[in-house]
Each structure stands twice: as structure tokens, then as C-alpha cells.
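One structure is given here, and the rest of the page talks about it.
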Number of protein chains: 2
Amino acid sequence: MTSESAANIDSASDLSTVELPDIPATAWAVLGLLGFGRELSGYDIKQWADAILRFFYWSPATSQIYTELRRLQDRSLIVSRDVPRADGRDKRVYRITPTGIDALEKWQAETDAEPPILKHGLLLRIWLGHLAQPDRLREQIRVHQERLRLELAAALLSEERAHDQPEWAYPELVARWTCRRIESEIRLADDMLADLDDLAAGSGID
Amino acid sequence: MTSESAANIDSASDLSTVELPDIPATAWAVLGLLGFGRELSGYDIKQWADAILRFFYWSPATSQIYTELRRLQDRSLIVSRDVPRADGRDKRVYRITPTGIDALEKWQAETDAEPPILKHGLLLRIWLGHLAQPDRLREQIRVHQERLRLELAAALLSEERAHDQPEWAYPELVARWTCRRIESEIRLADDMLADLDDLAAGSGID
DNA sequence: CGTTGCATGTAAGGTGTTACATGATTAC
DNA sequence: GTAATCATGTAACACCTTACATGCAACG
């Protein structure tokens, strides 16, 4: 499949001169974190993913992040550099390359987002509500709501941090979306509690 | 760790006399589908998962379903039976056992739902909006909205099908929740489009 | 003086997907 | 006749997690 030269490459635009790397979704997410141009360590990336990415994507395991960093470096999408720390040991930081930025832009321009995936264990349990104690379901929903309130606080914070910094305009939009989404989920949980009450009143007490 | 006899098993309730099976989340979902008491083939389960489960959980690959069915059968949570079809070949149908129902009830009573996971590729792309063409983002959001409208129609249908059938009371609640959630996501996408307009007006045209 | 945070990685194994194979029936 | 649906399964592999190993610094 390797062509003899670069001559027959379709070059309608800058982006089509580079091949779109075939890397898993997690690799794109990690590359994306580096796409803001900062030098980050694997540890930094994990912290950032835990703080923000988990709200709308998910946070991969630490070891997975190191695996993806190696993969990205193999494809020259990022470069690494060892910086000495106070304690004498080295810390490895990664930076995106121009090739990496091209790849991200090509990914944005030419590939479609896959349909969102929601894996909501609580809803599965409610769906199978005939096999649960009603109070147990309510308890789980309230636990869920409390988690949502904590997440809302964290999302509001991340929105404030991004506010008015032009570099973070898009992350700010996503933070706003996230806040609204969490608020909506809290209401949805309230509605569910009300529906469960109706169900109990309609068939349980007669 | 195996005790010499059953004598020292904590038996505060019926459920504690059985061990909670250690099976993956997908196995619980498949067992749950069989938890309504119907005899289902692997194919039926896949169809059902695609039709309903995907809205709040996700639909495993067909081959994965067969793997989980084997696992569940190994643990006696389900039994299978070959029914001859018109063409002479057999069709294998599965049915939940009393042990399986106990396991589901114990699972409901004693384990907590894991935090919901959202993997929203579109939001990742917006988050990295500085590397995309603005029109491209809008286009992707509209594609997303159209998909949501199709899903809403499907979810409304599944709500209607469940309506007034007492056996499907809980699935109906979940279908209602799903409809509201999708409606909310459509609004969220509208808000995002408006926010993108504001962003373009604020910094792009000056 | 123990825990938490910083920091990187390996090893093993489980989970899940895609591609493929098979073959009948029904619909266009 | 050819595509789609019904129907089950294997093989290969990709993805991802958990558990573990290591070791310093800072905090209480």
C-alpha cells in the first residue's frame, strides 16, 4: 500500500497532506489535553482528566494514560523531555508537535463524533424495579442526587476558572453545558421520585 | 476462606443465604433482561438491548451477549433449552432460574449503583473548539440534534408500549425519564449553539 | 512516624469489539 | 437472484483496569 513517492497524494488542502492517525478515542482525548500547548506530565494529565474530562468524557486509568503517551510519541504527535526535579529524579513532560496539531485539526475536520454513550447503573436498577425494595430505590436516587450536587459545585468552579480567559473560551462553554446538564439531571431525579410515589399510590395502597 | 459447613453463614434474611455472584456489569444487564421471566434467545436479547437498554445503559456486541449467557449458565443463574424451528435447526432459548432471581434481588439490595458514565465525543470536540472550524462544530451539533429527535421518537414509542401494562410499570418510568432526558439534551444543544453565536459575535467580528 | 501527594511504570487479566463463518427464510 | 433478517458462534485482538512496585517530600 505504500506509494512510491509523495507525488500522488491528494493535496486539496493543508490537512489532507497528512494521514489521519488511527488511534483509539482515549489517545485523541490525551492528545487533546496537550492540544492547548502546555507541557504536561502523565500525572498532570491524569489530574486534569479527573477534574474536567470526566464530566463529559471519562477519565482513563493512570497506566492507560502512560500507554497512550507512548503511542502518541511513537507517531511523533508529541515529544517528551526530562526535566530534573528538586529531589534529583527526573520528571517527564510531554508537548504536542506541529504534526500533532495537524492531526487534531484533521480529526476535527474529517471525522464525525460517535453517538454519545450513557452507562447509567441507577436507571438499570430502576428499570428492574420489580426486583427491588421501593425504599431502596429511593435511597439510591437520593445518593445519586447528592453526588450530582457535588459535581455541580465542581463544574461551577471550573466554569469560573475559565471565565474571561479567551484561551479557555471553549472549555468555558463546555463547563456551562455541564452545569446545565447536571442541574437537569437533578430535576430528572426529582421527577423520578415523584413518579415512584405515584406508582406506589396507584397500585401499592389499594 | 471456605468454611467447613453452612452453619456459620449469616442468615439474617433469605437473601444472605446465597452468595452474590461476581459477574461483570454486562452480565447483570443480560440477567436483568431475563429477569422479566420470559424465555429469550441470544438474538432476542440483542434486539431488546438495542431497542431499550441503549438509551440508559449500552448495547453490548452480539458475541458479548453469547459470552455472558454462557457465564450465567455456568453459575446456574439461567437455564437453556433448545426449541426446534420450522427449518429443522434448533434455536436456544434461556430462562432465569430461582437462583438467578435471588441473585438479582440480592444485587439490588446490597450493591450500590456505580456513578453514571457519560462518553460524549461531541463535547470533547467542542472543548477542543480552538482546533476546529466554527461551522463544522455547528454542523456536528445539528447532526447530534437530529439523532436526538429520532431517539426521542423511539423512546416515546417504548413509553407508549409500556403504558398501562402493570408488568411494565418500572420500564415505563425509565422510558419517561429517557424522554425527558432527551428533550433536555436537545435544549442543551440549542443553548450551546446560542453560546457559540455569542462567542463568535464577541471575539470573532471585532 | 504514618499518611498523603507527587511521579512513573510493569504485569496480568478481564472486558469488549470486529471480522468472519455458516446457513435457512423472506421480501423485493 | 440478491439483500435483509433470523440465528449462533469462534478467533483474534484491542482496550482498559487493578494490583503492584518504587521512592521522595511534606504535613500532621
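The figures here come from the full heavy-atom set of this structure, side chains too, leaving out hydrogens, waters and symmetry mates. Below, read A as the first sequence line, B as the second, and so on, with proteins coming before strands; counting in each chain starts at 1.
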*Taking the six-membered ring for Trp, are the ring centroids of Y57(A) and W28(A) within less than 6.0 Å of each other?*
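No; W28(A) has its ring centre 6.0 Å or more from that of Y57(A).
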*asked:* Which is more 5' along DNA chain D, the nucleotide nearest S59(A) or the one nearest S63(B)? Just name the residue.
replied: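 Upstream on the strand: S63(B).
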Measure [atom1]/[X] against [atom2]/[N] and give the value in whole Å, please.
X       : N       : atom1 : atom2 : result
D50(B)  : dT5(D)  : CG    : C1'   : 14 Å
K119(B) : dC15(D) : NZ    : P     : 10 Å
Q73(B)  : dT8(D)  : CD    : C1'   : 14 Å
I117(A) : dC15(D) : CD1   : P     : 14 Å
W58(A)  : dT17(D) : CH2   : C1'   : 12 Å
I65(B)  : dG9(D)  : CD1   : P     : 13 Å
Q64(A)  : dT8(C)  : CD    : P     : 16 Å
I23(A)  : dC16(D) : CD1   : P     : 12 Å

For the side chain of [X], counting heavy atoms from C-beta on, which of [options] is nearest?
X      : options                  : answer
P60(A) : dT8(C), dC6(D), dT17(D)  : dT17(D)
A61(A) : dT18(D), dA7(D), dG9(D)  : dT18(D)
Q47(B) : dT17(D), dC16(D), dC6(D) : dC6(D)

Does [X] put a side-chain nitrogen or oxygen below 4.0 Å from OP1 or OP2 of [N]?
X      : N      : value
Y66(B) : dG9(D) : no
R92(B) : dC6(D) : no
T62(A) : dG9(C) : no
R70(A) : dT8(C) : no

_Carboxylate-amine/guanidinium proximity below 4.0 Å for R54(A) and E151(A)_ =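 Counted as a salt bridge, because a side-chain N and a carboxylate O are separated by less than 4.0 Å.
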*asked:* If you define the side chain from C-beta out and look only at heavy atoms, does anything of I65(B) sit under 4.5 Å from P60(B)?
replied: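 With C-beta onward as the side chain, the pair touches.
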Report all side-chain donor-acceptor pairs from residues 111-131 of chain A shorter than 3.5 Å, counting only partners two or more places apart or in another chain.
| from | atom 1 | to | atom 2 | distance (Å) |
| --- | --- | --- | --- | --- |
| T111(A) | OG1 | W107(A) | O | 2.7 |
| T111(A) | OG1 | R125(B) | NH1 | 3.3 |
| T111(A) | OG1 | R125(B) | NH2 | 3.0 |
| D112(A) | OD1 | R136(B) | NH2 | 3.0 |
| H120(A) | NE2 | E185(A) | OE1 | 3.3 |
| R125(A) | NH1 | W107(B) | O | 3.4 |
| R125(A) | NH1 | T111(B) | O | 2.8 |
| R125(A) | NH1 | T111(B) | OG1 | 3.3 |
| R125(A) | NH2 | T111(B) | OG1 | 3.0 |
| H130(A) | NE2 | G35(B) | O | 3.2 |

_Need one value for S41(A): base, sugar-phosphate or nothing, where a base atom within 4.0 Å counts as base even if backbone is also close, heavy atoms only._
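Touches sugar-phosphate only.
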*Looking across every strand, which nucleic acid part, if any, lies under 4.0 Å from T67(B) by heavy atom: base, sugar-phosphate, or nothing?*
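No contact.
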*Mind listing the closest non-hydrogen atom pair of L34(B) and R38(B) along with its distance?*
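Scanning both residues completely, I find the closest heavy atoms to be CD2-O, 3.8 Å.
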